[in-house]
Amino acid sequence: MVKICCIGAGYVGGPTMAVIALKCPAVEVVVVDISVSRINAWNSDQLPIYEPGLDDVVKQCRGKNLFFSTDVEKHVYEADIIFVSVNTPTKTRGLGAGKAADLTYWESAARMIADVSKSDKIVVEKSTVPVKTAEAIEKILTHNSKGINYQILSNPEFLAEGTAIADLFNPDRVLIGGRETPDGKKAVQALKDIYAQWVPEDRIITTNLWSAELSKLAANAFLAQRISSVNAISALCEATGANITEVAYSVGKDSRIGPKFLNASVGFGGSCFQKDILNLVYICECNGLPEVANYWKQVIKINDYQKSRFVNRVVSSMFNTVSGKKIAVLGFAFKKDTGDTRETPAIDVCKGLLGDKAAISIYDPQVTEDQIQRDLSLNKFDWDHPIHLQPMSPTAVKQVSVSWDAYEATKGAHAICILTEWDEFKELDYERIYDNMQKPAFLFDGRNVIDLEKLRAIGFIVYAIGKPLDPWLKDMPAVA
Ligand code: NAD
Ligand code: UDX
């Protein structure tokens with residue numbers, strides 16, 4: 001029986017390994033983590049992450065060929081294939097702070113593998129890492145090798161949160177990079193054999209190590225670039241009377257462009273896009289390519305602009321001040337169908353509104369109050385001018401309340417901001433909500449989920465990203 005051990009039981013390690021276990025009953029999969037609470041949750045009925053379909057997959061395999069454990073060393077020792085799926089956040093201090101990937105967790109995992117291994121291992125980079133990381137990992141492993149043959153593969157993960165299980169069941173592609181030596185090719189084939197149990201062969205791409213590592217960063221940069229492109233055009237739509245939905249549809253109909261990832265929004269969030277682009281920017285700078293670095297940096301600058309443009313729109317529409325006004329925020333997660341708030345645009349929007357002394361009342365179906373308070377109590381990391389993180393002032397945090405119901409959150413509010421595209425926000429009883437709000441009642445839709453005409457007919461003053469402006473908003477000061 002092939003034994004797999006995955007180091008890191010997070011958003012990637014957990015779902016990916018659960019699907020491998022489901023599709024490969026003859027393989028034993030153990031997911032290990034240093035976080036005791038995370039592993040306990042994986043072994044309970046309350047999994048540590050919310051992901052549609054995940055419970056079902058875990059229930060089918062847990063205790064049969066899928067296990068979760070904190071005994072990291074034992075399972076690494078026993079494994080034939082070790083996936084490393086630890087977090088690789090942006091460095092917040094030291095060389096490359098604000099841009100470079102922090103490989104501390106990766107390095108410590110590699111050193112532990114070198115310490116405990118007694119047999120040949122295939123070590124798979126599942127985390128997103130800077131191009132050439134495999135070379136550094138190889139050095140750590142082989143300098144301690146005791147005659148063990150390590151083969152390093154790059155097998156980046158392309159799943160998106162909220163659709164992770166569907167993405168893993170039916171991936172557009174599986175990418176495997178390895179050394180072009182006989183041993184390297186053998187290792188690539190061993191991993192290919194795992195995926196080939198459910199992924200059609202023509203969707204399993206094999207490349208050299210550096211292409212696989214770089215493809216992951218490039219794919220995320222391209223996806224984020226589409227969103228910044230459509231968001232940049234959304235600002236022009238508002239200035240001209242064009243409608244971003246019509247423009248994006250017309251542009252996306254070109255088969256060379258395609259329709260996906262052209263939804264204008266308050267900005268992209270999530271743990272990957274910003275981090276991976278910053279990482280790409282840093283690698284370009286280190287390789288003496290400042291023009292390329294600046295090109296990709298602009299994708300993040302437009303994303304920041306979109307978030308502050310939204311805040312400015314809210315404030316300027318409401319007579320240039322939201323001080324003391326209750327603003328209901330619907331949605332805090334970075335996208336629907338996840339409870340993940342990493343880099344969610346809601347953090348920046350809420351902080352912008354708090355900066356203008358608004359009283360914010362937040363409702364999200366999957367995000368806990370603790371998480372929201374934690375997210376809002378840290379200041380944004382300025383990647384151009386890295387400084388130590390400062391906590392937000394306690395007064396600002398007091399201006400935030402969290403409710404478990406959209407009707408409660410909006411009661412007595414002057415305005416609503418929709419910041420996550422949860423399906424339930426389309427179905428709310430907006431007449432009831434309107435009746436319980438201060439007048440004029442404003443609704444700012446940062447995700448283009450509501451029916452504008454219906455809401456206008458109720459009496460709301462409505463703003464939606466990239467849509468022709470209400471006459472009311474046109475008369476207000478221009479937003480830059
Ligand atoms: P995560 O923070 O949810 O999980 C990482 C886990 O690794 C944590 O539970 C942590 O405790 C554990 N860990 C860290 N060091 C460890 C060690 N030495 N030994 C054992 N466990 C250790 O992160 P994630 O979202 O799963 O992302 C993991 C990697 O996958 C990142 O590189 C990320 O860029 C990449 N990725 C993420 C996504 C996504 O949608 N989240 C998608 C594709 C790729
Ligand atoms: C992304 C990549 O899609 C995935 O391939 C990679 O493995 C990890 O990073 P994820 O961040 O989980 O996945 O979600 P994604 O669906 O890409 O959305 C990222 C952000 O962009 C979200 O905030 C989402 O709301 C936003 N978005 C997405 C838009 O604003 N407009 C769009 O058209 C699409």
Side-chain angles (χ1 to χ4, degrees), residues 5-17 31-39 41-42 48-49 51 68-73 75-76 82-90 101-113 125-130 133 155-164 167-168 171-173 216-217 219-224 226-231 234 244 248 252 259-277 279 303 306 331 333-338 340-346 419-421 446-448 465:
C5 173
C6 175
I7 306 176
Y11 285 88
V12 168
T16 311
M17 292 304 124
V31 192
V32 296
D33 205 295
I34 41 177
S35 163
V36 176
S37 60
R38 244 189 180 175
I39 290 298
W42 279 110
I49 60 177
E51 191 63 65
F68 296 93
S69 169
T70 48
D71 199 344
V72 180
E73 298 190 355
H75 294 290
V76 165
I82 303 164
F83 284 83
V84 185
S85 186
V86 299
N87 34 333
T88 50
T90 306
D102 182 349
L103 295 177
T104 315
Y105 304 102
W106 233 109
E107 188 175 333
S108 104
R111 287 183 187 280
M112 183 269 300
I113 296 171
E125 289 176 346
K126 194 43 132 175
S127 305
T128 305
V129 290
T133 297
N155 171 222
E157 184 49 58
F158 294 98
L159 67 79
E161 288 177 32
T163 53
D167 295 343
L168 289 163
D172 285 345
R173 80 303 213 181
K216 174 64 197 177
L217 295 180
N220 272 354
F222 275 52
L223 288 169
R226 281 175 76 93
I227 303 169
S228 279
S229 295
V230 79
N231 281 346
S234 78
I244 194 62
K260 294 186 181 163
F261 264 66
L262 290 179
N263 293 323
S265 67
V266 60
F268 60 74
S271 63
C272 294
F273 283 171
Q274 174 163 304
K275 161 178 84 74
D276 293 347
I277 294 175
N279 190 347
N303 198 46
Q306 188 75 346
F334 83 97
K335 62 187 280 197
K336 74 170 181 179
D337 292 337
T338 177
D340 195 353
T341 61
R342 290 177 291 180
E343 302 295 338
T344 176
L419 300 185
T420 312
E421 72 282 21
R447 294 291 184 167
N448 286 345
I465 303 275

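Whatever order the structure lists ligands and atoms in, that order sets their numbers, starting from 1. Counting from 1, the numbers follow the sequence of the chain as shown. Every value quoted in this text rests on a predicted model; they were computed, and no experiment measured them. Side chains are part of it too, since the values below use all heavy atoms of this structure and drop only hydrogens, waters and symmetry mates.
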What does the N/O contact table under 3.5 Å look like for ligand 2?
from	atom 1	to	atom 2	distance (Å)
ligand 2	5 (O)	F158	O	2.7
ligand 2	7 (O)	E157	O	3.3
ligand 2	7 (O)	F158	O	3.3
ligand 2	7 (O)	L159	O	2.7
ligand 2	7 (O)	K216	NZ	2.8
ligand 2	12 (O)	E161	N	2.7
ligand 2	14 (O)	K335	NZ	3.2
ligand 2	16 (O)	K335	NZ	2.8
ligand 2	23 (O)	G269	N	2.9
ligand 2	23 (O)	F334	O	2.7
ligand 2	25 (O)	R447	NH1	2.6
ligand 2	30 (O)	S265	OG	2.6
ligand 2	31 (N)	N263	O	2.9
ligand 2	33 (O)	L262	N	3.4
ligand 2	33 (O)	N263	N	2.9

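For atom 18 (N) of ligand 1, the closest non-hydrogen atom of the protein is S108 OG, 3.4 Å. Protein heavy atom at the shortest distance from atom 25 (O) of ligand 1 is R342 NH2, 3.0 Å.
Between V12 and ligand 1, at least one N/O pair is under 3.5 Å apart. Polar contact with ligand 1: present for E161 (N/O pair, distance under 3.5 Å). Polar contact with ligand 1: present for D33 (N/O pair, distance under 3.5 Å).
The shortest side-chain heavy-atom distance between V76 and I7 falls under the 4.5 Å cut-off.
Applying the side-chain hydrogen bond (donor to acceptor under 3.5 Å, both in side chains) criterion to E125, with sequence neighbours excluded, gives no partner residue.
Of the candidates V86, T88, V72, V86 brings a heavy atom nearest to atom 29 (C) of ligand 1.
With hydrogens and angles disregarded, a donor-acceptor distance shorter than 3.5 Å links the side chain of N448 to the backbone of I465. A donor-acceptor pair is defined here as one N or O able to donate and one able to accept, closer than 3.5 Å; no such pair exists between the side chain of T338 and the backbone of G162.
F273 and F261 have perpendicular rings, their planes meeting at more than 60° on a 0 to 90° scale where under 30° would count as parallel.
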Run the numbers on K126 and E157 for salt bridge (Lys or Arg N to Asp or Glu O under 4.0 Å), then give the verdict.
CA-CA 6 Å; K126 194 43 132 175; E157 184 49 58; 2.9 Å; yes

